[in-house]
Amino acid sequence: MTQFSPSFSEPPSALQPGTFVLHATDGSARRGSLHTAHGIVETPIFMPVGTVGSVKAIAPDDLHALGAEIILGNTYHLFLRPGDALVARRGGLHSFAAWNKPILTDSGGYQAFSLSALSKFREEGVEFRSHLDGSKHLFTPEKVMEIQRNLGSDIMMVLDECVAHNTPYDYTAKSIELTTRWALRSRNAYPRGAGSNLLFAITQGGFFSDLRTASVEQLAAHDFDGFAIGGLSVGEPKPQMYELLAHTAPLLPFAKPRYLMGVGTPLDIITGISLGVDMFDCVLPTRNARNGTLYTSTGKINIKRKEYAEDDTPLDANCSCYTCQTFSRAYLRHLFHAKEILSFRLNSLHNLTYFLALVKGARAAISAGTFAAYAAHIQSLYADEMP
RNA sequence: GGUGGGGUUCCCGAGUGGCCAAAGGGAACAGACUGUAAAUCUGUCGUCGUACGACUUCGGUGGUUCAAAUCCACCCCCCACCA
């Protein structure tokens, strides 16, 4: 563990938005604080995903109770419905959604990828058809900055091109150049000092380590508030993902927050933290909650299973969430099978609690210099997922 | 008592001579899910076998036929309407 000087590690309660304070390191793992206009994000952090301005099945009071520090919103989805201008007229997404803590907005680059049948990349931007009504739209890097500012995002992401895992070298090589040009256009459209919103660049490079390096080198030279690793966990084998992550994470600027986009499982998050990643987001805890997969201190379980039909024990005896403090596995299984809405809420509440406790534990371990032991423990719970 | 309709694999329900172990849906059982087009999707779902396959099944019994869930006879049960 490396302890930084007190004057550096104990800042005043509110520093300039964008300030990232590193408190400690333990191996490559880092313990930090990212200052934003809506509060401080303690890292490493997991960010629940609230694509359309809502963390599915979970209200802000629950999020506060869970200890969520920052959530995601999505540019593409909120632009199409209800529209960023409408949100702006309501004072921005914080006011509209009654969430007063930080919000990170994704740029829509991922939607262009996942809805690729409806989208087309060109130099100017990405043209796509709405999945809602088929209407045609053009997202330029500049347009995406404008939308995110209208939303009042604390952390804006640049528009990027995310490539699929089987994308050939030549295409990927051209793609990172485009992503870099777009990132610089984004920075130009929103120069530092123009507002309190932070701006993160997204590194790409597909599944070629030299292109990953090149992408980082192209972007790291520029003035962004943080750097993300994009385009991982898009269907590639896990060993390949870990290999690229291990290659890329150390290349990112040391003094800036590092964000691994869209990742991941508890094992992925612990692996990312051990490699020096500070921020994570993933739909897994909420989506899996709705589909019956729940994470516990002894591993993950599928609450649908018959073996829980008469199991009167709590979902996780070591969990302090409302769900675990109040209900039995038998009841949770019943709610799932009965397709009760409450099932979504209780399961989501629990899984988010688990993911947030996971990173909270990591923060404490890094500060205490015991991260390796912590990581080993988590890895033992998910040994079957180890590459 | 009369007339008409009907009884299909756990449930609903299609099937009216061979391409039928029998569509489809549900339930059940299992699995997947990674910057959320996900309250979604996939698999299994008569028995035995990994499989090729074998065997048992469509209210009951008997019959016609090379072949019957499907045709015929009788019987049992259900529903509707009329007396």
Side-chain angles (χ1 to χ4, degrees), chain A residues 46-58 70-78 80-81 103-119 128-134 144 148 153 155-163 165 200-204 226 228-238 241-242 245 259-269 271-272 277 279-295 300-309 333 335-345 347-348 351 355 382 385:
Chain A
F46 176 79
M47 306 180 282
V49 179
T51 306
V52 299
S54 150
V55 177
K56 295 187 190 302
I58 299 294
I70 174 171
I71 62 172
L72 256 69
N74 185 272
T75 299
Y76 167 84
H77 288 280
L78 291 168
L80 288 181
R81 184 171 59 193
I103 294 175
L104 181 151
T105 48
D106 187 27
S107 61
Y110 184 80
Q111 278 60 43
F113 158 74
S114 68
L115 303 171
S116 59
L118 303 170
S119 64
F128 60 86
R129 286 186 176 280
S130 162
H131 69 284
L132 297 173
D133 65 5
V144 163
Q148 291 182 94
S153 171
I155 303 176
M156 309 190 293
M157 302 304 298
V158 298
L159 186 65
D160 64 329
E161 182 180 23
C162 177
V163 300
H165 77 104
F200 279 28
I202 304 174
T203 69
Q204 290 284 350
I229 299 171
L232 289 184
S233 259
V234 291
E236 74 280 12
K238 210 173 208 33
M241 180 212 159
Y242 280 14
L245 177 59
Y259 167 26
L260 178 55
M261 304 187 77
V263 173
T265 66
L267 186 62
D268 295 342
I269 290 170
T271 302
V277 176
M279 303 165 68
F280 303 85
D281 79 280
C282 194
V283 304
L284 223 48
T286 44
R287 179 183 291 169
N288 278 357
R290 295 192 303 280
N291 293 331
T293 299
L294 304 175
Y295 294 86
K300 78 181 179 188
I301 71 170
N302 192 329
I303 199 64
K304 289 188 291 192
R305 292 176 64 91
K306 193 181 187 65
E307 63 180 300
Y308 305 122
R333 178 179 190 273
L335 289 181
F336 187 91
H337 280 271
K339 298 178 167 60
E340 280 295 310
I341 291 174
L342 184 58
S343 172
F344 299 144
R345 182 165 111 76
N347 290 173
S348 299
N351 273 355
F355 275 64
Y382 301 99
E385 295 176 24

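Per chain, numbering begins at 1; letters A, B, ... match sequence-line order. Note that the structure is predicted; figures quoted are calculated from it, not measured.
Across all strands shown, B/A68 has no partner, as no Watson-Crick or G-U wobble contact with both distances under 3.5 Å is found. With both pairing distances under 3.5 Å, B/C58 is matched to nothing as a Watson-Crick or G-U wobble pair. Nucleotide B/U3 forms a pair with B/A80, judged by Watson-Crick or G-U wobble geometry with both contacts under 3.5 Å. Nucleotide B/C52 has no partner under the Watson-Crick or G-U criteria, as no pair reaches both atom distances under 3.5 Å. In this structure, B/G24 and B/C12 make a Watson-Crick or G-U wobble pair, each of the two defining distances being under 3.5 angstrom.
At the heavy-atom level, A/G108 lies nowhere under 4.0 Å from the strands shown. At a threshold of 4.0 angstrom between heavy atoms, the contacts of A/K238 include nucleobase atoms, whether or not backbone atoms are also involved. No contact: A/S343 has no heavy atom under 4.0 Å from any strand. Note on A/Q204: a base of the nucleic acid sits closer than 4.0 angstrom, heavy atoms only.
Listed by chain and residue number, A/H131 satisfy the side chain to side chain donor-acceptor pair (under 3.5 Å) test with A/Y76 (two or more places apart in sequence, or in another chain). Residues meeting the side chain to side chain donor-acceptor pair (under 3.5 Å) test with A/R81, sequence neighbours left out: none. A search for side chain to side chain donor-acceptor pair (under 3.5 Å) contacts involving A/D268 returns A/K238, A/Y242, A/T265, not counting sequence neighbours.
Among pairs with a residue in residues 282-294 of chain A, those fulfilling side chain to side chain donor-acceptor pair (under 3.5 Å) read A/N288-A/Y295, at least two apart in sequence or across chains.
The nearest heavy atom of RNA chain B to A/D281 and to A/E307 marks one nucleotide each, and the one closer to the 5' end goes with A/E307.
Distance, A/K300 NZ to B/U34 C1': 11 Å, rounded to whole Å.
Not a single donor-acceptor pair, N or O on each side, falls under 3.5 Å between the base of B/G35 and the side chain of A/N74.
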Q.
Treating primed atoms plus P, OP1 and OP2 as sugar-phosphate and everything else as base, which nucleotides of nucleotides 37-43 of chain B get B, S or - for protein heavy atoms under 4.0 Å?
A. BBBB---
Just list the side-chain donor-acceptor pairs under 3.5 Å for residues 228-235 of chain A, sequence neighbours left out, or say none.
none

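The backbone N or O of A/P285 lies less than 3.5 Å from a partner atom in the side chain of A/N351, making a donor-acceptor pair. A donor-acceptor pair under 3.5 Å is formed between the side chain of A/D281 and the backbone N or O of A/G262.
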